[in-house]
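Letters A, B, ... mirror the listed sequences (proteins, then strands); counts begin at 1. Keep in mind that this is a model prediction, so the values were computed, not measured.
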Amino acid sequence: MSVLSKSKLGPLARREQRLALGLLLPTVLIVFAIVLFPLLATFWISFKPVTLADLRPPEIFVRERTRGLKNIQAAGDSFRLEYRLRNSSQTEWVRQVVLEDTLPSGLEITDLDSRCKLAGRELRCELGDWEPAQNEKLRFQAQVAEGWLIEREDPGKTQPTITGESSNKLLSSNFTLENFSDVFVMREFEAILLVTFAYTVLGTLGAIVVGLFAAQLLNLSFPGRMIFRGLFLFPYVAPVIAMAFTWLVLLDPNSGALNALLLQMGAIETPINFFGIRWTEVELFGLNLPIPLALLMVIAFEVWRYFPLSFLFILARMQSVPQDMFEAAEMDGATPFQKFRELWLPQLAGILAVLFLLRFIWTFNKFDDIFLLTGGAAGTRTLTVSVYEQAFAINNLGAGCAVAVVISLLLGLFALAYFRSLPAEEGL
Amino acid sequence: MTARQWQTLLFTSLGLGVIWAFVIFAILAAGFSLLEGTGLMPSSVQITICGLMAGMLGLIPIRRRTRGLIAGFALGISLLFHLLATDTPFQNPEANPLLQSLGALLGSLLLVMVLVFSFRTLGPGVLNRRRWELCILSSLQVFGFVFFTVIVVLPFYVMLMTSLKSQQALLMNPLDLTPNWRQDGWAIFRSYIELFRDFNFGRYIGVSAIVSLATVALTLLFAIPGAYAVARLRFEGRKVLSRSILLIYLVPAIVLVIPLYVIFSQLGLRNSLMGLLIVYPATTLPVALYMLQGYFRGIPPELEEAALMDGCSRMVAIRQVTMPLSIPALASVGLYVFMIAWNEFLFAFMFLDDPSIFTLPRGVVSLNSSEVPRQHLMAGAVISTVPILILFLWAERFLVKGLTAGSVKG
């Protein structure tokens, strides 16, 4: 009888619950703050008309100026003190604006504005509510006394401070469906969806098929097997940034080694801009087939970079399959391809299905690779690249979040499919 | 043997001969082109005839294929390769002719060796379906190793060699990737020297190392207790929690980046390492938790129970029994998290504007402009790749375990 499996209601069990809560709480809080809360915020922002510029709250800009300060000779002379104020926002009100400044000693304001008060050296003006882009000049005549002449202190030396209340656009109760209509009406939205699924399905299948091939090779026993296993993992272990730029340099139409090689060996006549051509025609058996070149190249990169993961996963499973079955098949004279088809594939079917779903989700989520290779140009814009494009290239955070919401919803569907199809022993 | 079997034998032998001749001579020609900096390509007539001749090996009974015969075949094919060429063996008088002759010999030798290996089970008098499939399979295996080695090694080779070239050399002949070894002193490393001197790369390495190590420490600090609770303790909502770990793990960074950008901008955390150190552990926590709890479940609970029976408190039992047993798992998870943090690009790119706190990936992106020459970009790529590859080779066993467990992510 295990000590750890006490009855549910006992004091020990309650203590265990408390301990579990204590151990898990920090993790749960962190994950909530950095993953779940932003996820909810994405939904929130997707219904708001927010652009990148709105991140800076609207405020009143102020500039202080003096006129005639230099001409002052004696006590009783005066100069003009001026505050120029402007609401920085073109769209938002700033409410209960208050200007405060400390004047040099020995100054007297002769024509104090009714909204302003001078208490000792402290000037305070309550300027009320300001409409978008409103601007105003506050002008005063300042008369100097004897005391001022000693130091001749410039009033501009102390910075005026402005306080005001502005509504944060992110928190306002102003909702809109415009972001979604922007995204769905976008002429290329269907194209983006198509590209996303082509990239995801082909990239996933390619990586799994290539990974299956690599796993078959590395399941053989030969000297140097571990060296090859390590080598085959290089594309995945190296930073994506280094690998993406290397591919760009290698395949560059003007200074790339591959184009130069193909040209010099006579395989092509003009250099090919692998990552810049949306469609090209390839002649195959007398037929002109249109090929989405740039898309195929980013898919090739995806397959190249992620086949190591598939092969590791598949290899681990292959090595845990009992060998006697294969020995028996060998005795019965099964051919290698028969063994692969009749024995290996059924053994690996479960792991291949799980791998497909997981890799499908991760390929669907992929942003870095395409962003670094093409930036979404030449017919390679997927949903994830579109999020960046909307939010930070067009500066429309709301629309970016709307695309992110579409991603999240689709992802929810995939996750559902994943958990539905998960065999009991694979799950948690 | 029936006529049909002879036919199969003939087609298979000659077919594989020609295919392998094309594969080997094309790879050799491409390899020599990259070394010599000028295009080399033998004619297809040359290759086809040599391939047909090499394929004849399959028609010779297996037992008669002595070493002498094989060597003779290789020499004969090499001779044929020379005779069929209208010019130098690889049809380019600009490149070193002696090297071309050696290349022809090497190619013939490789061709014959691959075919001897493939034809081990194939010969007159012994043909059946199993032997034929084994022959094709052998060929596929050799091809697989060649294919994977080329596609993996080529980009890394290009990256390293480009970083050692000079701007003029790159523009003059993009094909010539061999650096000029005869430069004096450290001149060959000029891109690296400039990156460290003018582009602050020494600092970026330091920042990346600190951020990655801190991420590992923070992740383990929170993941170990959490994973232990999920694996061992019984509490309400355990099922829901363990399922949601994987679910959260599937949320992509690109969905989180806009709100985090907004919130961090307003909190003043955006352009700071502090911000990265909040985001990185939070995004690696789910996978670390997932991997660790799987491992903790594999440790027999009886060991801990024994400690509890002896009067240890639960915390002492965790620290003195479970932790020492989990060191391999902690190493795997730690290395995996380190790799994720070291390679992370999106958040570093979105958050960091200040060059004095760039991580390596952010620093390399800043080199990707038309004003910075290509060899600098490649040198930056090498600098960011080498540490992680060294770590990988040094601790491959642990990292592979981590990758397999975490390969749900990528």
Side-chain angles (χ1 to χ4, degrees), chain A residues 3-4 16-17 19-20 23-24 26-27 30-31 34-35 38-39 41-42 55 213-214 217 230-232 234-235 237-242 245-246 249-250 255-257 260-261 264-266 306 309 312-313 316 335-337 358 361-362 365 367-368 384 387 391 397 400-401 404 407-408 415 428, chain B residues 30 33 39 41 129-130 133-134 137 141 144-145 148 152 155 158-159 162 170 174-175 177 222 225-226 228-229 233-235 242-243 247-248 250-252 254-256 258-260 262 265 279 282 285 301 305 308 343 345-346 361 364 374 377-378 381 384-385 388 392 396 403-404 407-408 410:
Chain A
V3 178
L4 295 176
E16 200 168 309
Q17 285 228 6
L19 179 67
L23 293 177
L24 272 166
T27 303
I30 294 172
V31 170
I34 304 298
V35 180
L39 190 61
T42 301
L55 287 190
F213 186 26
L217 290 181
L231 186 71
F232 288 7
F234 274 23
V237 175
V240 57
I241 179 126
F245 284 141
T246 304
V249 166
L250 174 63
S255 60
L261 185 67
Q264 294 245 9
M265 286 170 78
Y306 297 100
L309 276 185
L312 264 188
F313 219 64
T335 69
F337 292 103
L358 280 171
I361 291 175
W362 278 107
N365 285 349
F367 166 77
D368 304 3
T384 49
V387 172
L397 291 179
C401 280
I407 293 178
S408 311
L428 286 158
Chain B
S33 301
M41 191 61 206
R129 182 165 186 86
R130 190 165 157 274
E133 280 191 11
L134 277 172
L137 191 70
Q141 282 167 355
F145 280 109
F148 281 114
V152 170
V158 168
M159 176 170 82
T162 309
L170 274 179
L175 190 51
L177 282 177
F222 293 112
Y228 179 85
L233 303 178
R234 293 154 52 106
F235 56 93
S242 54
R243 283 239 151 170
L247 206 59
I248 285 168
L250 298 178
V251 177
I254 190 76
V255 169
L256 306 178
I258 298 175
L260 286 175
V262 169
S265 291
V279 172
L285 255 176
E305 285 163 15
L308 290 177
N343 293 350
F345 159 73
L346 177 60
V364 176
R374 277 290 157 97
L377 183 64
M378 286 297 95
S384 64
T385 306
I388 200 75
F392 168 69
E396 188 181 334
L403 286 175
T404 321
S407 60
V408 281

Query raised in the report: Tell me, side chain or backbone of A/Ile361 under 4.5 Å from chain B's heavy atoms, or both, or neither?
Result: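 The answer is the side chain of A/Ile361.
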Report task. Counting only heavy atoms closer than 4.5 Å, note whether A/Phe245 contacts chain B via side chain, backbone, both or neither. Result ->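 When you check distances to chain B, atoms from both the backbone and side chain of A/Phe245 fall under 4.5 Å.
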Contact class of [X] relative to chain A, heavy atoms under 4.5 angstrom:
{"X": "B/Leu175", "result": "both"}
{"X": "B/Ser384", "result": "both"}
{"X": "B/Ser265", "result": "side chain"}
{"X": "B/Met378", "result": "side chain"}

Okay, side chain of [X], backbone of [Y]: is any donor-acceptor separation there less than 3.5 Å?
{"X": "A/Thr42", "Y": "B/Val255", "result": "yes"}
{"X": "B/Ser33", "Y": "A/Leu261", "result": "no"}
{"X": "A/Gln17", "Y": "B/Phe235", "result": "no"}
{"X": "A/Glu16", "Y": "B/Arg234", "result": "yes"}
{"X": "B/Asn343", "Y": "A/Val237", "result": "yes"}

Top contributor to chain B contacts, counting heavy-atom pairs under 4.5 Å, from [options]:
{"options": "A/Pro26, A/Ala41, A/Ala238", "value": "A/Ala238"}
{"options": "A/Pro38, A/Pro239, A/Ala404", "value": "A/Pro239"}
{"options": "A/Leu250, A/Asp368, A/Val31", "value": "A/Asp368"}
{"options": "A/Ala260, A/Ala415, A/Gly400, A/Ala316", "value": "A/Ala260"}

What distance separates [X] [atom1] from [Y] [atom2], expressed to the nearest 0.5 Å?
{"X": "A/Thr384", "Y": "B/Leu346", "atom1": "OG1", "atom2": "CG", "answer": "9.5 Å"}
{"X": "B/Arg130", "Y": "A/Thr335", "atom1": "CZ", "atom2": "OG1", "answer": "8.5 Å"}
{"X": "A/Phe337", "Y": "B/Leu134", "atom1": "CZ", "atom2": "CG", "answer": "8.5 Å"}
{"X": "B/Leu250", "Y": "A/Leu358", "atom1": "CG", "atom2": "CG", "answer": "7.0 Å"}
{"X": "B/Ile258", "Y": "A/Leu397", "atom1": "CD1", "atom2": "CG", "answer": "6.0 Å"}
{"X": "A/Leu231", "Y": "B/Phe145", "atom1": "CG", "atom2": "CZ", "answer": "11.0 Å"}

Requested in this report: Would you check if B/Leu170 and A/Ser255 make a side-chain contact, meaning some heavy-atom pair closer than 4.5 Å?
Outcome: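 No, too far: nothing below the 4.5 Å cut-off.
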Query raised in the report: Going by heavy atoms in the side chains, are A/Asn365 and B/Ile254 under 4.5 Å from each other?
Result: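 Side chain of A/Asn365 against side chain of B/Ile254, heavy atoms only: no contact under 4.5 Å found.
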Query raised in the report: Of all heavy-atom pairs between B/Pro361 and A/Ile241, which one has the smallest distance, and what is that distance?
Result: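 Of all heavy-atom pairs spanning B/Pro361 and A/Ile241, the closest is O-CD1, 3.4 Å.
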Requested in this report: Mind listing the closest non-hydrogen atom pair of A/Thr27 and B/Phe222 along with its distance?
Outcome: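 Heavy atoms of A/Thr27 and B/Phe222 come nearest at OG1-O, 3.0 Å.
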Query raised in the report: Sequence neighbours excluded, which residues qualify as ring-ring contact (aromatic ring centres under 6.0 Å, His included) partners of B/Phe148?
Result: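 Expected list: A/Phe213, A/Phe232, A/Phe307.
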Report task. Could you have a look at B/Val158, B/Val364, B/Leu256 and say which one has the most heavy-atom pairs with chain A under 4.5 angstrom? Result ->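 That would be B/Leu256.
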